[in-house]
Amino acid sequence: YKIVKIGDQWWMAQNLGYVSEGNQECGNRHVMGCFYSWSTALGVDCSDLSECKLKSNENIQGVCPKGWHIPTLREWSALFESVGGTAYADARLISRTGWKNALDVSDTVGFSMLPAGFYNKTAGSAHEGVGTYARFWTSTQWNSHLAHHIFIKYGRIETSSSYKMVENSVRCVKDDD
């Protein structure tokens with residue numbers, strides 16, 4: 001995987017494309033990466049949603065390679081601050097190609113975020129948002145049913161939550177030494 005240092009953090013500069021037992025959608029993994037449910041991404045058993053909780057959201061390796069982990073909401077926020085805040089992060093982090101209606105894109109830091117959209121199991125297993133937006137899991141939970149994700153569309157970055165069974169992209173951040 002390509003990697004890039006942004007601020008004090010090392011990030012994967014590609015969506016994770018690791019084929020695991022739990023991810024259902026990996027058709028274009030060499031370009032857009034794979035989609036993962038939250039439980040698959042973090043390696044948590046969510047067969048009983050009332051028990052689908054983490055004791056801590058720090059340094060959860062999940063599907064990331066050894067020495068890397070699923071970023072917390074705080075780590076994503078630090079990434080955005082490192083490139084000038086959320087007002088500028090979309091243009092500075094998204095890839096120069098693949099986006100519909102994206103103007104003035106610079107990808108100045110080499111993060112190369114692609115508009116993979118997400119895979120919605122709750123809507124009859126449909127891809128949504130390809131070419132328009134990207135969604136990435138965080139290791140930060142909302143509750144036993146929902147977890148936070150980062151939503152990026154040209155001109156907008158926000159934190160939202162998804163049902164843990166929805167499949168989003170994953171970027172990994174390097175563990176602190």
Side-chain angles (χ1 to χ4, degrees), residues 4 6-16 23 25 32-42 44 46 52-54 56-58 60 62-64 69-123 126-173:
V4 62
I6 304 170
D8 294 329
Q9 302 169 308
W10 283 96
W11 286 83
M12 285 189 171
Q14 297 171 258
N15 292 357
L16 190 65
N23 59 330
E25 205 42 47
M32 294 286 193
C34 295
F35 295 103
Y36 304 88
S37 68
W38 187 81
S39 62
T40 298
L42 277 79
V44 177
C46 287
C52 187
K53 297 178 184 174
L54 294 173
S56 167
N57 66 350
E58 301 291 324
I60 305 294
V63 293
C64 294
H69 63 273
I70 306 292
T72 63
L73 191 55
R74 190 180 78 247
E75 288 170 317
W76 277 102
S77 295
L79 170 68
F80 300 145
E81 289 306 311
S82 293
V83 296
T86 56
Y88 302 101
D90 61 331
R92 294 177 179 167
L93 295 173
I94 68 175
S95 170
R96 292 182 181 162
T97 61
W99 292 83
K100 298 175 185 172
N101 304 319
L103 307 171
D104 301 323
V105 174
S106 61
D107 191 21
T108 55
V109 295
F111 196 71
S112 303
M113 189 181 300
L114 293 168
F118 73 106
Y119 189 69
N120 191 352
K121 287 181 167 180
T122 62
H127 284 116
E128 296 184 25
V130 177
T132 307
Y133 57 83
R135 287 176 35 163
F136 296 93
W137 281 123
T138 75
S139 61
T140 308
Q141 308 178 88
W142 180 258
N143 59 31
S144 63
H145 298 277
L146 301 168
H148 289 287
H149 71 260
I150 303 299
F151 175 89
I152 297 98
K153 183 176 183 176
Y154 180 71
R156 188 170 99 206
I157 292 180
E158 62 187 49
T159 303
S160 190
S161 59
S162 294
Y163 285 106
K164 293 178 178 179
M165 68 188 87
V166 168
E167 295 187 2
N168 291 322
S169 297
V170 167
R171 288 283 177 112
C172 303
V173 65

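All values derive from a computational prediction rather than experimental measurement. We number each residue from 1, following the sequence as shown.
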Side-chain atoms of residues 146-153: list all donor-acceptor pairs with protein atoms under 3.5 Å, sequence neighbours left out, distances to 0.1 Å.
unit_1 : atom_1 : unit_2 : atom_2 : d
His149 : ND1    : Ser162 : OG     : 2.6

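- Looking only at side-chain heavy atoms (C-beta outward), Glu167 and Ser37 come within less than 4.5 Å of each other.
- One N or O on the side chain of Asn15 and one on the backbone of Met32 form a donor-acceptor pair closer than 3.5 Å.
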Dump the intermediate steps for side-chain contact (heavy atoms from CB on, under 4.5 Å) on Val173 and Trp76, then the final yes or no.
CA-CA 9 Å; Val173 65; Trp76 277 102; over 6 Å; no
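- Panel note: side chain Asp90, backbone Ile157; no donor-acceptor pair is recorded below 3.5 Å.
- Remark: Asn143 pairs with no residue by the side chain to side chain donor-acceptor pair (under 3.5 Å) rule, at least two apart or across chains.
- The CZ atom of Arg92 sits 6.0 Å away from the OG1 atom of Thr108 when rounded to the nearest 0.5 Å.
- Expressed to the nearest 0.5 Å, how far SG of Cys34 lies from OH of Tyr119 amounts to 12.5 Å.
- Val130 pairs by the side-chain contact (heavy atoms from CB on, under 4.5 Å) definition with His127, not counting sequence neighbours.
- Ser82 is linked by a side chain to side chain donor-acceptor pair (under 3.5 Å) to nothing, counting only residues two or more places apart in sequence or in another chain.
- Closest heavy-atom contact between Leu114 and Thr97: CD2-O, 4.0 Å.
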What's the verdict on side-chain contact (heavy atoms from CB on, under 4.5 Å) for Tyr36 and Leu16, showing C-alpha distance, side-chain angles and the deciding distance?
CA-CA 10 Å; Tyr36 304 88; Leu16 190 65; 3.6 Å; yes
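- For Leu42 against Thr138, the heavy-atom pair with the smallest separation is CD1-O, 4.3 Å.
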Worked check of side-chain contact (heavy atoms from CB on, under 4.5 Å) between Glu128 and Tyr133
CA-CA 9 Å; Glu128 296 184 25; Tyr133 57 83; 3.8 Å; yes
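- Legend: salt bridge (Lys or Arg N to Asp or Glu O under 4.0 Å) pairs involving residues 130-145, not counting sequence neighbours: none detected.
- Side-chain contact between Ile6 and Val83 is present, with at least one heavy-atom pair separated by less than 4.5 Å.
- For Phe118, there are no ring pair (Phe, Tyr, Trp, His ring centres under 6.0 Å) partners two or more places apart in sequence or in a different chain.
- How far SG of Cys64 is from CZ of Arg171: 11.5 Å, rounded to the nearest 0.5 Å.
- Qualifying salt bridge (charged side-chain N to carboxylate O under 4.0 Å, His left out) partners for Arg96, counting only residues two or more places apart in sequence or in other chains: none.
- Of all non-hydrogen atoms in Trp99 and Ser95, the two that sit nearest each other are CD1-O, 3.3 Å.
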Would you please test Val44 and Ile60 for side-chain contact (heavy atoms from CB on, under 4.5 Å) and show each step?
CA-CA 10 Å; Val44 177; Ile60 305 294; 5.6 Å; no
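- Under the side-chain contact (heavy atoms from CB on, under 4.5 Å) criterion, Thr72 pairs with Asn57, Glu58, Arg74, Glu75, Ser139, Thr140, sequence neighbours left out.
- Every residue two or more places apart in sequence or in another chain was checked for a side chain to side chain donor-acceptor pair (under 3.5 Å) with Glu81, and none qualifies.
- Using a 4.5 Å heavy-atom cutoff, the side chains of Trp38 and Gln141 are in contact.
- Considering all non-hydrogen atoms of both residues, Ala134 and Phe136 come closest at CB-CE1, 3.6 Å.
- Ala116 approaches Ser169 most closely through the heavy-atom pair CB-OG, 3.8 Å.
- Taking CZ of Phe111 as the reference point, atom CD of Gln14 lies at 11.0 Å (rounded to 0.5 Å).
- Considering only residues two or more places apart in sequence or on other chains, Trp11 meets the side chain to side chain donor-acceptor pair (under 3.5 Å) condition with Gln9.
- Contact record, Ala41 with Val170: CB-CG2, 3.9 Å, taken as the closest heavy-atom pair.
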